[in-house]
Amino acid sequence: MTGDVLRAGPARPRIAVFAGPTATILNTPDLVTSNKARARHGLPLRPDRRDVLRPQRLAAPATLYVEAFSAHPLEGDAADLYAPPDGWLDGDGAFHTERPPGDATAVYVVELDPSDGLYPLPYMARQADGSAWEETSASPYAPPEAARQTFYPDARRLYEEIERFGLADHGTPVELRSLADFAFFRAAPSGGPTAGPGSERLGRDFFVYYPYHLQSEPGLAELARATNQVQEVLATGEFAGVQWLEGSPTVDETLYWLGLLIDTKVPLVGHAAQRRHQSLSADGDRNVVDGVKYIASGVALDERGEDRVGACVIVDELVYSARDVTKVDARPGGYEVTGGHGGVVADLGGYGPPQLTYLPARRHTHRSELRLTVLPERVTGVTGRLDTGVTTLDVRTKDDGGLVPEAVPYVSITKYSRYAATGTGTDDPPVAEEEVEILARIDANLARAPLSGFVCEGMSPFGMADPTRNAALGVAVFAGMPVVRTGRGNTGGMAYRTDPVFVSGNNLTATKARLLLMAALLRFGALPPAADPFHPTPDERAATEKAVARYQDLFDTH
């Protein structure tokens, strides 16, 4: 495990920056061959009036002449406030230190050097056959080996471009390194090298959504490895905070998970973007800068220097509690607080420093009862079949490297809707076997996932479902799989406990309840299975209720 470091100076906080999966904030528009390159090589020109300029590095020093007063349309009105230009270009383009007779253009002389860093320049590259690049792939729907990548492999280049091209409010650079040092890590990242001895594979080592036909998704094993990596990095004690970069639809889920499992006293913040880096009105760059300011300000720390806020998502100049936020639209400002209570913990708008607006009451990070350092190394799981019986087995969930990837619990979400295929009433009592999907998932879990469970997204806010679905989920409970009930969508109230064998999801969304149930299974293991999950005895029901109560306590406090 290594992290490349951008150093600022002495006595700066260090921030660990993790590149996560399918991250629009680390994604750039397609590199399209410029008209300058097309004209140079006799290729058909694009209809665009001007070439798009893309950040690139100079290979040799260059001298440029910049027209004076061209940086702003009204700059020339204040010409009397300016020193004389460096010289003039006559009509033939010759440079003069004294103004020549006739028409001449006042210019500044700029010496560019490769050591300056990136410059915006026309994109001159072409395909191997000499044709122009029109999109990321060599041709539409090309396989991975004939497609380029648009995602950065880590955040180093992103931070460099923010500093190089970003403007602060008063025309000065955005100097991230005046606030902190940065170390860059890759945790289930969005891009990776595909050539050379360290080559990686799409869908195994890195995870993209663009080009769309090559979309890939990380699984539970990648989540375990990323969790272990974050914990290992923070265990060094070298970092004042974490910035996690991920796709906007899921960044809140990952941050909530990390806030439950990572044992740390420093802030965990996540960032996303609704628009790609370098694109018109890209929002991700500002989110990154705000995250650095938030961590460096120390506003999240209590009088002991310990984080008092928990995992957050920082977007659109607001700091959201990761537990309470979700994406609702693909636009800047497309995040909302879920659960109807609180959610926005700090404001980053305007010119002042970050200000906290409230403190979450839920347990998190170093106060969480689900943090990695207190989770047991072994718990009890379940195996077998519904028709032949369910038995228990020992599951190793942790080793010296942290979470065992193969042991991460599998939790499914099932959704209630009215007018089910079969109605129920006095003459038609609920029959669990009607829910073939749930019963099939129970058997699949017993065969392959000894730690597993369900979240039922039911009526809002109470979480109840129709009797047939409840009956099938009851079979899951007595087969050792805890079931959590939540309200539908962005519920504004609490899912209260109405049945002691089901866990109430409080005001969590179904996706957040899923993550908390996964973590709870790592803490407590499976529920005690009944000899016949369809017909538990009174003693078996009592044992299940006692076990479920432990889960309920976690859902009431995390």
Side-chain angles (χ1 to χ4, degrees), residues 4 6 15 17-32 34 51-57 117-123 125 133 135-137 147-168 173-177 179-180 182 184-193 206-212 214-216 242-251 254 269-294 313-317 327 329-335 348:
D4 294 328
L6 284 182
I15 296 175
V17 184
F18 288 86
T22 61
T24 299
I25 198 169
L26 292 170
N27 195 16
T28 60
D30 306 48
L31 290 167
V32 177
S34 66
D51 279 328
V52 171
L53 304 181
R54 306 300 292 268
Q56 297 167 80
R57 302 191 191 280
L118 299 163
Y119 279 102
L121 298 165
Y123 186 68
W133 286 105
E135 57 178 284
T136 288
S137 302
R148 300 173 294 170
Q149 296 186 59
T150 58
F151 293 88
Y152 292 158
D154 62 25
R156 168 178 284 273
R157 176 67 175 252
L158 173 68
Y159 281 49
E160 180 184 5
E161 291 184 9
I162 290 173
E163 286 201 300
R164 185 73 170 121
F165 303 114
L167 280 175
V174 175
E175 294 183 340
L176 295 177
R177 284 173 290 179
L179 298 173
F182 302 93
F184 299 101
F185 302 90
R186 304 172 67 237
S190 304
F206 60 94
F207 305 91
V208 307
Y209 67 78
Y210 188 86
Y212 297 122
L214 299 178
Q215 180 181 357
S216 58
V242 163
Q243 289 182 284
W244 176 278
L245 312 181
E246 189 176 335
S248 56
T250 55
V251 65
T254 304
V269 303
H271 305 298
Q274 307 280 20
R275 295 170 180 160
R276 290 199 265 182
H277 175 60
Q278 299 178 358
S279 66
L280 182 65
S281 193
D283 55 311
D285 296 4
R286 175 59 185 263
N287 295 338
V288 165
V289 173
D290 283 345
V292 175
K293 291 180 178 179
Y294 174 81
V313 175
I314 299 181
V315 290
D316 306 326
E317 301 182 37
K327 176 182 175 179
D329 198 3
R331 57 176 173 80
Y335 292 88
L348 284 159

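Numbering starts at 1 and runs along the sequence shown. Keep in mind it's a predicted model, so treat the numbers as computed, not measured.
Partners of Pro189 by side-chain contact (heavy atoms from CB on, under 4.5 Å), not counting sequence neighbours, listed by chain and number: Ala19, Arg186, Phe206. Not a single salt bridge (charged side-chain N to carboxylate O under 4.0 Å, His left out) links Arg164 to another residue, sequence neighbours left out. By the ring pair (Phe, Tyr, Trp, His ring centres under 6.0 Å) test, Tyr335 pairs with no residue at all, sequence neighbours left out. Checked against side-chain hydrogen bond (donor to acceptor under 3.5 Å, both in side chains), Asp290 has the following partners two or more places apart in sequence or in another chain: Arg286. Qualifying salt bridge (charged side-chain N to carboxylate O under 4.0 Å, His left out) partners for Arg331, counting only residues two or more places apart in sequence or in other chains: Asp329. Residues meeting the ring pair (Phe, Tyr, Trp, His ring centres under 6.0 Å) test with Tyr123, sequence neighbours left out: none.
Around the CG atom of Leu167, the shell of radius 6.0 Å holds more than 12 heavy atoms that belong to other residues, nucleotides or ligands.
Taking the side chain as every heavy atom from C-beta outward, Arg54 and Ser34 never approach each other to under 4.5 Å.
Listed for the Asp283 side chain is no donor-acceptor partner under 3.5 Å among the backbone atoms of Asp316.
Phe151 and Phe207 have their aromatic ring centers separated by at least 6.0 angstrom.
A side chain to side chain donor-acceptor pair (under 3.5 Å) with Tyr210 is found for one member of Asp30, Thr28, Thr24 and no other, namely Asp30.
Ring pair Tyr159/Phe184 is perpendicular by interplanar angle, where above 60° counts as perpendicular and below 30° as parallel.
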Task: Test log, rule salt bridge (charged side-chain N to carboxylate O under 4.0 Å, His left out), inputs Arg157 and Glu161 - done: CA-CA 6 Å; Arg157 176 67 175 252; Glu161 291 184 9; 2.6 Å; yes

